[in-house]
Amino acid sequence: MLEVKNIKQHLAAYQEAFQKRNFDASKVLPEVLQLDEQRRNMQTELDQILAESNQLSKEIGMLFKNGEQQKANILKEKTAGIKLKTKQISTEMDAVNKTLVELLFSIPNVPHSSVPAGNSEDDNETIFGEGEIPKLDKKALPHWELAQKYDLIDFELGNKITGAGFPVYKGKGARLQRALITYFLDKNTQAGYTEYQVPHLVNAASGFGTGQLPDKEGQMYHVTEDDLYLIPTAEVPVTNIFRDDLLTEDQLPIKCTGYTPCFRREAGSYGAHVRGLNRLHQFDKVEIVSLVKPEDSYQVLDDMVAHVKEILRELKLPYRILRLCGGDLGFTSALTYDFEIFSTAQERWLEISSVSNFETFQANRLKIRYKTKDKKKHLVHTLNGSALALPRVLAGILENYQTPEGIKIPEVLVPYTGFDIIN
RNA sequence: GGAGAAAUGGCAGAGUGGUCGAAUGCGGCAGUCUUGAAAACUGUUGAGGGUCACACCUCCGGGGGUUCGAAUCCCUCUUUCUCCGCCA
């Protein structure tokens with residue numbers, strides 16, 4: 001949710017920036033300002049009436065104390081009209097407020113100045129790449145065939161137990177996944193992120209806080225009986241740890257990491273490009289979340305990108321980094337870098353991390369603020385990223401590390417897996 | 001799941017219809033004293049809105065109600081604690 005005072009201050013600049021994400025803000029922003037003005041005026045009017053009412057009540061109290069019942073009763077009659085009026089104004093104000101908030105909820109974040117304009121993923125900007133793409137044998141297999149060949153993942157079994165998109169990991173496949181999770185968490189904690197284990201179901205308030213609700217309701221599994229949602233990412237419970245918090249300046253930056261399964265309905269879209277581990281309803285992910293002072297957030301974004309880079313370097317996976325264009329940018333994000341690894345057997349890039357700066361967009365909804373030494377209060381900037389998403393990393397390792405003898409295990413993982421080849 | 005009790009400022013804890021946004025203690029901050037520290041003493045110390053600044057408004061778990069007036073009374077929801085039942 002954007003801050004009204006910022007809209008007021010940067011109206012023209014915002015209008016222009018929104019064009020990059022093809023969002024027509026020409027009507028909605030002035031409307032927000034107009035509603036805010038209206039709400040403000042009503043608030044002032046209401047306050048004045050309440051002040052009058054409070055004053056009268058006090059006088060009545062004094063009169064009763066002094067035994068001047070008659071005078072008190074005269075004043076009482078005066079209050080009747082005031083009561084009516086307060087009710088009237090406050091219902092009107094609630095209505096205006098509701099419209100205002102709904103409108104604000106419908107406005108996406110303002111793209112950062114470095115965000116390229118564009119409509120789709122084709123317009124994303126590749127800003128970095130490294131790692132050697134291995135030259136594989138002609139007989140190289142995609143990961144779903146490797147998974148079957150070495151009995152690592154059973155997709156059919158998942159179908160039986162639950163349905164499509166819920167694979168069962170098995171033997172060395174399960175072990176490799178667990179090794180990756182532990183390795184990621186170790187890397188993250190070494191980099192100063194505090195590890196959390198959080199609930200996998202969240203309430204609606206948490207969903208609103210991080211922006212999954214109300215617009216992306218259909219993407220989450222909803223447990224209607226208890227009105228809870230299965231988390232689509234650890235970002236939701238982890239960021240909500242700090243909802244409504246007033247932090248002190250010296251508590252920042254706050255860096256958290258957490259491993260959770262993630263649940264996504266992702267209705268539609270079946271076919272070859274979502275085969276195997278490419279797209280699932282349940283998958284594992286290790287997430288990193290940062291809460292920082294506004295002036296630090298872009299440096300921290302770079303730090304988080306560097307951190308993910310280091311992990312991919314250690315795993316020796318060929319990857320590239322994209323700066324998302326306006327059209328591909330998430331609703332809540334101001335700037336997002338996507339990491340993709342090259343799936344050699346599928347000959348395509350797979351997204352395995354997305355690192356974003358939300359600036360105050362989430363913090364404004366979540367009311368996460370901090371107090372400076374001179375007691376000024378500001379919203380924090382929130383950032384998060386995957387470090388990393390498991391299934392596609394697993395897929396990338398299986399495919400890129402395959403040899404005629406079997407699948408080799410990246411060196412850094414061997415201490416975690418306890419074996420160095422799958423054959 | 002059943003029975004009972006409770007929810008107040010950073011914490012502890014009073015207040016049970018009328019200057020209560022809230023006593024008191026601890027903690028925090030500032031000062032006095034001290035070479036420095038501790039102790040002692042003095043002052044100060046919740047949040048949001050609003051204003052150039054005041055004024056003023058709102059907030060005593062959430063929501064609703066009674067009343068001229070609610071932290072205080074009523075309804076409801078949530079959470080916590082104790083006891084019982086069940087249980088990884």
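Chain identifiers are assigned alphabetically (A, B, ...) following the order of the sequence lines, protein sequences preceding nucleic acid strands; residue numbering begins at 1 within each chain.
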>> Quick check: on RNA chain B, is the nucleotide nearest F64(A) upstream (toward 5') of the one nearest R40(A), or the reverse? Name the residue that is more 5'.
In response: F64(A)
>> Both G61(A) and R369(A) contact RNA chain B. Which one's nearest nucleotide lies toward the 5' end?
In response: G61(A)
Nearest to the [X] side chain among [options], which nucleotide is it?
{"X": "A51(A)", "options": "C57(B), G18(B), A47(B)", "value": "C57(B)"}
{"X": "S57(A)", "options": "G48(B), G18(B), C57(B)", "value": "G18(B)"}
{"X": "K83(A)", "options": "A47(B), C56(B), C68(B)", "value": "C68(B)"}
{"X": "K371(A)", "options": "C68(B), U51(B), A47(B)", "value": "A47(B)"}

Under a 3.5 Å limit for both distances, which nucleotide forms a Watson-Crick or G-U wobble pair with [N], could you say?
{"N": "U32(B)", "result": "A40(B)"}
{"N": "G50(B)", "result": "none"}
{"N": "G18(B)", "result": "C68(B)"}
{"N": "C11(B)", "result": "G25(B)"}
{"N": "U79(B)", "result": "A6(B)"}
{"N": "G1(B)", "result": "C84(B)"}

[N] to [M] separation - [atom1] atoms, rounded to the nearest Å:
{"N": "C59(B)", "M": "A70(B)", "atom1": "C1'", "answer": "13 Å"}
{"N": "U58(B)", "M": "C83(B)", "atom1": "C1'", "answer": "40 Å"}
{"N": "G25(B)", "M": "G61(B)", "atom1": "C1'", "answer": "24 Å"}
{"N": "C11(B)", "M": "G64(B)", "atom1": "C1'", "answer": "31 Å"}
{"N": "U8(B)", "M": "C73(B)", "atom1": "P", "answer": "15 Å"}
{"N": "U76(B)", "M": "A55(B)", "atom1": "C1'", "answer": "37 Å"}
{"N": "U34(B)", "M": "G50(B)", "atom1": "P", "answer": "48 Å"}
{"N": "C41(B)", "M": "C77(B)", "atom1": "P", "answer": "50 Å"}

Whole-Å gap separating [atom2] ([N]) and [atom1] ([X]):
{"X": "K377(A)", "N": "G50(B)", "atom1": "NZ", "atom2": "C1'", "value": "14 Å"}
{"X": "I368(A)", "N": "A47(B)", "atom1": "CD1", "atom2": "C1'", "value": "17 Å"}
{"X": "E3(A)", "N": "G49(B)", "atom1": "CD", "atom2": "P", "value": "11 Å"}
{"X": "E45(A)", "N": "G50(B)", "atom1": "CD", "atom2": "P", "value": "17 Å"}
{"X": "K87(A)", "N": "U66(B)", "atom1": "NZ", "atom2": "C1'", "value": "10 Å"}
{"X": "K58(A)", "N": "G69(B)", "atom1": "NZ", "atom2": "P", "value": "14 Å"}
{"X": "L84(A)", "N": "U67(B)", "atom1": "CG", "atom2": "P", "value": "13 Å"}
{"X": "Q43(A)", "N": "U51(B)", "atom1": "CD", "atom2": "C1'", "value": "14 Å"}

Could you verify whether a donor N or O on one side chain and an acceptor N or O on the other, from [X] and [Y], lie under 3.5 Å apart?
{"X": "Y150(A)", "Y": "N423(A)", "answer": "no"}
{"X": "N203(A)", "Y": "S206(A)", "answer": "yes"}
{"X": "Y14(A)", "Y": "Q9(A)", "answer": "no"}
{"X": "T382(A)", "Y": "Q362(A)", "answer": "yes"}
{"X": "T224(A)", "Y": "H222(A)", "answer": "no"}

What nucleic acid atoms does [X] come within less than 4.0 Å of, heavy atoms only: base, sugar-phosphate, or nothing?
{"X": "I60(A)", "value": "base"}
{"X": "K78(A)", "value": "nothing"}
{"X": "N54(A)", "value": "sugar-phosphate"}

> With under 30° as parallel and over 60° as perpendicular, where do the rings of Y221(A) and H281(A) fit, or are they tilted in between?
Replying inline: perpendicular
>> Would you say the rings of H200(A) and F263(A) are close, in the sense that their centroids are separated by under 6.0 Å?
In response: no
